[in-house]
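Have a look at the structure below, then the notes.
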Number of protein chains: 2
Amino acid sequence: MDTADRPDAAAGRGPCAAIPAEQMDFVRQILDRVGDKWSMLVIAVLAAGPLRYTDLRREVPGISQRMLTLTVRQLQQDGLVTRTAYAEVPPRVEYALTPLGRSLHQIVTSLITWVADHHGQIREHRTRTGTAP
Amino acid sequence: MDTADRPDAAAGRGPCAAIPAEQMDFVRQILDRVGDKWSMLVIAVLAAGPLRYTDLRREVPGISQRMLTLTVRQLQQDGLVTRTAYAEVPPRVEYALTPLGRSLHQIVTSLITWVADHHGQIREHRTRTGTAP
DNA sequence: CTGGATCCCCCTCGATACTG
DNA sequence: CAGTATCGAGGGGGATCCAG
């Protein structure tokens, strides 16, 4: 667009473009959650319906108990999933997405759509610059 | 892979909901990039226009040379930013967003919008469960 | 069955110093 | 000005054992 802005470019752009810098660290927290190795997988799996601990662990390929517990706890603290423990003789705990969790899942789904839409270009650039696929 | 027969609850949901599991690791790579501490900041700053190395470093608060170099290199390899080196007496290198980078920025902007829209609920849940804000 | 506790490896990132 | 090289601390995450 306008190229005349470059000399004193820092003047008009502020610390981080359109990000209010007050919400910056909060946005980063959510971004961390999104970029987390397991969070989105758990959310994606739970999007199909509630699951109990063991089933959840089976559905997420390669997750350890530790990571599943930690991930689920974080998601619960953020209000993205609910944890329902039934006081039965064999303990039963069910995890389910909250409406908030579902809305985040929708957002990430759109991101995934973007990836599916552009992964060709990205792969091309990566191979062109000598990066492993 | 004979077992297209997923017994029990997993029947209808597949390995990871709507994610083809073949693109799974690739999606994760992009998710990592998005969730990366610096990538989105760099993209956000560059969204306002091209910048050279030092200016870019000044615009991103708290980034080290190392991280700036690594981040920018990754983004370049993914075809999200361009690196233009001018063979001048004082070396000058300009970084700019590619159209692909701009489109990713748009996606993340929508994510940020979501955060701005729901951070109230998340904070509420966090404080309710005794998590530090 | 659900998860807490512990050990430990390894990778990431930050700070510093140096080169072209 | 624009990076590269090196080192060192920190934490993420896997494996395992144990408890409620």
Side-chain angles (χ1 to χ4, degrees), chain A residues 6-10 25 28-29 31-42 45-46 50-77 81-96 129-132, chain B residues 8-10 24-25 28-29 31-42 45-46 50-78 81-96 129-132:
Chain A
R6 232 223 354 98
D8 52 355
D25 59 313
R28 279 240 65 261
Q29 292 177 37
L31 244 45
D32 274 343
R33 201 71 85 245
V34 170
D36 185 51
K37 186 175 180 181
W38 301 113
S39 296
M40 290 318 302
L41 287 179
V42 168
V45 166
L46 285 182
L51 279 182
R52 43 192 303 185
Y53 188 83
T54 305
D55 295 334
L56 191 52
R57 196 180 149 201
R58 258 220 337 227
E59 287 298 320
V60 180
I63 197 173
S64 61
Q65 299 108 332
R66 171 188 163 85
M67 279 302 102
L68 179 54
T69 300
L70 289 178
T71 300
V72 144
R73 183 186 298 162
Q74 299 242 322
L75 293 176
Q76 182 195 0
Q77 286 174 345
V81 310
T82 57
R83 179 187 186 274
T84 312
Y86 299 92
E88 301 174 359
V89 177
R92 181 164 65 99
V93 179
E94 275 204 347
Y95 296 94
T129 51
T131 306
Chain B
D8 50 44
M24 249 318 299
D25 59 312
R28 281 238 62 263
Q29 294 177 36
L31 245 43
D32 274 340
R33 200 74 84 246
V34 171
D36 185 50
K37 186 176 180 182
W38 301 114
S39 296
M40 290 320 300
L41 287 179
V42 169
V45 166
L46 286 181
L51 280 182
R52 43 194 301 186
Y53 189 84
T54 305
D55 295 333
L56 191 52
R57 196 180 150 198
R58 257 217 339 223
E59 288 296 320
V60 179
I63 196 173
S64 60
Q65 300 106 332
R66 173 187 162 84
M67 278 301 101
L68 179 54
T69 300
L70 288 178
T71 300
V72 144
R73 182 184 299 161
Q74 299 243 320
L75 294 176
Q76 182 196 359
Q77 286 174 345
D78 286 357
V81 310
T82 58
R83 179 188 186 275
T84 312
Y86 299 91
E88 299 175 358
V89 176
R92 182 164 66 99
V93 179
E94 277 204 347
Y95 295 95
T129 51
T131 308

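Residue numbers begin at 1 in each chain, while the letters A, B, ... track the order of the sequences. A quick note: this is a predicted structure, and the numbers were derived from the prediction, not measured.
Taken to the nearest 0.5 Å, the CE atom of B/Met67 stands 13.5 Å off from the CG atom of B/Leu41. Going from atom CD of A/Gln76 over to atom OG1 of A/Thr69 covers 11.5 Å, rounded to the nearest 0.5 Å. To the nearest 0.5 Å, the span separating CE on A/Met40 from CG on B/Leu31 amounts to 6.5 Å.
Taking the side chain as every heavy atom from C-beta outward, A/Leu75 and A/Val42 approach each other to under 4.5 Å. In this structure, B/Tyr53 and B/Leu56 have side chains that are not in contact, with every pair of non-hydrogen atoms separated by 4.5 Å or more. The side-chain heavy atoms of A/Asp36 and A/Thr71, taken from C-beta on, include a pair separated by under 4.5 Å.
Counting only distance, with no hydrogens or angles, the side chain of B/Arg73 and the backbone of B/Leu68 share no donor-acceptor pair below 3.5 Å.
From the 5' end on, the contacts that DNA chain D makes with chain A at under 4.0 Å to a non-hydrogen atom open and close at D/dG13 to D/dG20.
A/Val89 and A/Pro91 make their closest contact through O-CD, 3.2 Å (heavy atoms, listed as atom of the first residue, atom of the second, distance).
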(Q) Each nucleotide in nucleotides 4-20 of chain C should get exactly one letter: B, S or -. Can you fill that in based on protein heavy atoms under 4.0 Å? (A) S-B------BBBB---B
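Note on A/Tyr95: only backbone sugar-phosphate atoms sit closer than 4.0 angstrom, heavy atoms only; bases stay farther off.
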